[in-house]
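Here the structure comes first, spelled out in structure tokens, and everything after it is commentary.
Every chain is numbered from 1, with letters handed out A, B, ... down the list of sequences. Side chains included, hydrogens not; waters and symmetry mates left out as well; all remaining heavy atoms used.
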There are 2 protein chains.
Amino acid sequence: MPKISHKGQQMPASPIRKLTPYADRAKLDGKKVYHLNIGQPDIETPEGMLNAIKNIDFKVWAYTPSEGTLSYRKKLTEYYNKIGYNISPENIIVTTGGSEAITISMMACLNPGDEVIIPEPFYANYNGFACQSDIVVKPILSYIDNGFALPSIEEFEKLITPKTKAIIICNPNNPTGYLYSKEEMEALKALVLKYDLYLFSDEAYREFCYDGQSFISPMHLSGLDENVIVMDTVSKRYSACGARLGCLITKNKAVLTAGLKFAQARLSAGMVEQIAGEAAVDTPDEYFEAVNKEYTSRRNTIVNALNKMEGVYCPNPGGAFYVVAKLPIDNADNFCQWMLESFSLNNETVMMAPATGFYSTPGAGVNEVRMAYVLNNNDIEKAMICLDEALKVYPGRTVNSEAVGSFQ
Amino acid sequence: MPKISHKGQQMPASPIRKLTPYADRAKLDGKKVYHLNIGQPDIETPEGMLNAIKNIDFKVWAYTPSEGTLSYRKKLTEYYNKIGYNISPENIIVTTGGSEAITISMMACLNPGDEVIIPEPFYANYNGFACQSDIVVKPILSYIDNGFALPSIEEFEKLITPKTKAIIICNPNNPTGYLYSKEEMEALKALVLKYDLYLFSDEAYREFCYDGQSFISPMHLSGLDENVIVMDTVSKRYSACGARLGCLITKNKAVLTAGLKFAQARLSAGMVEQIAGEAAVDTPDEYFEAVNKEYTSRRNTIVNALNKMEGVYCPNPGGAFYVVAKLPIDNADNFCQWMLESFSLNNETVMMAPATGFYSTPGAGVNEVRMAYVLNNNDIEKAMICLDEALKVYPGRTVNSEAVGSFQ
């Protein structure tokens, strides 16, 4: 029997999905499970996007150009220029989800063994994509106590070696919800210019900024044209995760040339999705206003509820739809599994993602969980009552001082 | 300015698409271009599949499970078991096109530096996918004079080293149209078992076998459960290239486990496509009968026309919708470009794919072109008249004996 590859063994399983068998078991046992583990919003996809699908009128479901249809790239250009990116359709390669924007960027820019610095906790699949391309992730710790702000530039510089090729940021951040400030972005700019690095900017949650705060992209900063690659997706913006439609944006021509060759190898992105994506750009502002109002309210609900629980701490994040909370527990992996296997309140329980999967430093985040506020306020409230009760009886509960690990 | 990666430089550009700028120029100049260069069928997508899209009734365009929806995998199982594969839904990972089935298989099974043997000419993007994963392609020549039959097992054995991990076949073949016989498949079986290799079976054209010949998959052969990975797609079967929906099928559990982790990293395949794919399985037999009749007739048209031209030879392939023909020319790259740039008959010309892009042995196929018979008979006839005239006046025309290169 032939062996599988090293990376076939080393690829990490999804921390968001790994407890799914326990959730399935709980449901089979008749429990209701509140899913706060996965960033699948319950928000409805804009009607215009769904109508575009229903109204398709082609006879042959054909390939599109590998870089995406000109029509869709033109429409995207409208959207991006409205938010000040100053691009043309030639700066865009349409991808199969944000995921492919990341893998193409990595393959086009980094050699096996090259290093990429990522503030942690970070989107867990960066680990998987790096593993696919034999790229080395160098995590740099951010801390719950200051809401997971950008680590200091001095800390970044400590990690830079001749192998360092790129920095990845996700802004607003998954899993922490942290929104980088103008000052933090300017500091990153100086850093990538000083060391001639790529700055990969994952902007999946761009639309979700709260409390009147502004989103700052590296595309808004001058002098970074050769360094910045934006990795974007319609998944969260339009609650269209299943569309698998994203794009890569850069003004670096060499990256566009290389990226297009990877895009050509896989032929094209989905045709129906590009038609729907074009319609999505015309989504009325009221849609986003309503969604942001809803998310702000949910964030307030979950953050308030968490901070009222004894021994729990949760920062109040400025964007996205996630929070990372520190719980008075020995081990979040065990706790999350125990919640599904052994706990229920009124026959209900809560599924969360243990934060360890979002760290690559061993031992970091061991008493933290990520929660996605993708349920309505009423369900979030019930889930929080359930979590509060669970924490009171969990056998691995720690007193406050014990919960203070070296990484908190 | 940061550098792009080695593989970003080395990735081959698509041989099918690389002459596109010349075709665009010809069209701007008012010429009609017959596109025989690309495997984009003009056949209509089955109505049931398109209706499934028009009838979607979800409100949230959500992620699906990374391995594909159970509902779609069940339906696919029906299809595959009808053709004797004896599988269950657990043997299937739904992928974004056949392309992703290939990349996931390569990543799950081969390490950087490992070797894969592929009879050439072969589907050009195998080169790109191998480059992405730092895998080494070892081509083994097949010859136009015997219609591109499977090279002898002795020739395969000459190429086997400790680094050899897999063989890829595409059956019926792109670009040659060759359909492997039962004997050839049995010989491959003995070979992969002897050396404990993976057999990657690209079956994109399974449905297109002519003259009453049968398609034999390695899934039809016993004793290969741990070795075989089928890479499939709906692209050609249902003329749905733009759906980007495929799958990987194997009975090897370690490959399924590893493959699922790569699938999890990119989250999921498209949701709408899986709904459409489910409907596609119910496409009535009459659809395929009509399509096969049409393709058989087109193949006869193109093969007859080609073999009537002076100095041209084209085998009569048993499947797919491609032919590779040998032309009395110095260099197919030059010739194909010249056809677009400098030739026209009644203001019309023909776009073909130079066969060199389908070989990885330098110099092989230099006087061969691939043509996809994806136009109707009438257009094919006109294209062949145009080609015949072009060959008569092409400045790089060779006499018959000169055309006999070392690789023909």
Side-chain angles (χ1 to χ4, degrees), chain A residues 1-2 4-9 11-14 17 40 42 44-45 50 53-54 56 59-64 66 96-97 99-100 107-112 125 128-129 132 134 165 196-198 226-227 239-244 254-255 258 261-262 264-273, chain B residues 1-2 4-9 11-14 17 40 42 44-45 50 53-54 56 59-64 66 96-97 99-100 107-112 125 128-129 132 134 165 196-198 226-227 239-244 254-255 258 261-262 264-273:
Chain A
M1 174 171 155
I4 63 162
S5 67
H6 301 316
K7 70 179 70 159
Q9 294 165 312
M11 271 295 281
S14 165
R17 297 178 178 224
Q40 169 58 60
D42 61 333
E44 290 187 6
T45 310
L50 298 180
I53 306 177
K54 290 175 187 162
I56 55 152
K59 296 279 185 192
V60 180
W61 200 347
Y63 290 126
T64 67
S66 299
T96 305
S99 303
E100 195 186 51
M107 290 191 293
C109 300
L110 278 79
N111 292 317
N125 287 322
F129 299 136
Q132 283 185 197
D134 300 293
K165 204 70 181 284
D196 201 22
L197 305 176
Y198 286 108
E226 304 298 342
N227 305 76
S239 198
C241 299
R244 314 312 303 126
V255 172
K261 292 192 284 179
F262 293 102
Q264 284 182 340
R266 63 51 160 152
L267 303 169
S268 79
M271 176 192 181
V272 170
E273 284 69 16
Chain B
M1 174 172 156
I4 62 161
S5 67
H6 301 317
K7 70 179 69 159
Q9 294 165 315
M11 270 296 281
S14 165
R17 297 179 177 221
Q40 169 57 60
D42 61 333
E44 290 185 5
T45 310
L50 298 180
I53 305 176
K54 291 174 186 162
I56 55 150
K59 296 278 187 192
V60 180
W61 200 346
Y63 290 125
T64 66
S66 299
T96 305
S99 303
E100 195 186 52
M107 289 191 293
C109 299
L110 279 79
N111 292 318
N125 287 322
F129 299 136
Q132 282 184 198
D134 299 294
K165 203 73 180 284
D196 201 22
L197 305 176
Y198 287 108
E226 304 298 343
N227 304 77
S239 198
C241 298
R244 316 311 303 127
V255 172
K261 290 191 287 180
F262 292 101
Q264 283 183 340
R266 63 50 161 151
L267 304 170
S268 81
M271 176 192 181
V272 170
E273 284 68 18

### Message
Between Ala108(A) and chain B, with a heavy-atom cut-off of 4.5 Å, which part of the residue counts as in contact: side chain, backbone, both or neither?
### Response
backbone
### Task
Could you pull out the closest heavy-atom pair between Thr45(B) and Val60(A), with the gap in Å?
OG1-CA, 3.5 Å
### Task
Heavy-atom distances under 4.5 Å only: say whether Asp42(A) touches chain B with side chain, backbone, both or neither.
backbone
### Task
Mind listing the closest non-hydrogen atom pair of Val272(B) and Glu273(A) along with its distance?
CB-OE2, 4.4 Å
### Message
Can you tell me which portion of Pro112(A) sits under 4.5 Å from chain B's heavy atoms? Options are side chain, backbone, both or neither.
### Response
side chain
### Task
Please report the closest heavy-atom contact between Gly8(B) and Ala258(A), naming both atoms and the distance.
O-CB, 3.5 Å
### Message
To the closest 0.5 Å, what do you measure between NZ (Lys54(B)) and CD1 (Ile53(A))?
### Response
13.0 Å
### Message
At a heavy-atom distance under 4.5 Å, which candidate from Ser268(A), Gly270(A), Ala254(A) has the highest pair count against chain B?
### Response
Ser268(A)
### Query
Run the side-chain contact (heavy atoms from CB on, under 4.5 Å) check on Gln264(A) and Met11(B) step by step: do they pass?
CA-CA 10 Å; Gln264(A) 284 182 340; Met11(B) 270 296 281; over 6 Å; no
#### Entry: Toward chain B, the part of Thr96(A) with a non-hydrogen atom under 4.5 Å
side chain
### Message
Please report the interatomic distance CH2(Trp61(B)) to CD(Glu44(A)), rounded to the nearest 0.5 Å.
### Response
15.0 Å
### Query
Under a 4.5 Å heavy-atom cutoff, which of Ser66(B), Ala269(B), Ala243(B), Gly97(B) has the most pairs with chain A?
Ala243(B)
### Query
What part of Ser99(A) lies closer than 4.5 angstrom to a heavy atom of chain B: side chain, backbone, both or neither?
side chain
### Gln40(B) (side chain) donor-acceptor with Tyr63(A) (main chain) under 3.5 angstrom
yes
### Query
About how many Å separate CG of Asn125(B) and CZ of Arg266(A), when rounded to the nearest 0.5 Å?
11.0 Å
### Message
Tell me if a side-chain donor or acceptor on Arg244(A) pairs with a main-chain N or O of Leu267(B) at a distance below 3.5 Å.
### Response
no
### Query
Is any side-chain heavy atom of Leu110(A) closer than 4.5 Å to a side-chain heavy atom of Ser5(B)?
no
### Message
If I measure from the heavy atoms of chain A, does Leu197(B) come under 4.5 Å with its side chain, its backbone, both, or neither?
### Response
backbone
#### Entry: Check: Gln9(B) main-chain N/O paired with Lys261(A) side-chain donor or acceptor under 3.5 Å
yes
### Summary
Residue from Gly128(B), Pro12(B), Ala265(B) scoring the most non-hydrogen pairs under 4.5 Å with chain A is Ala265(B)
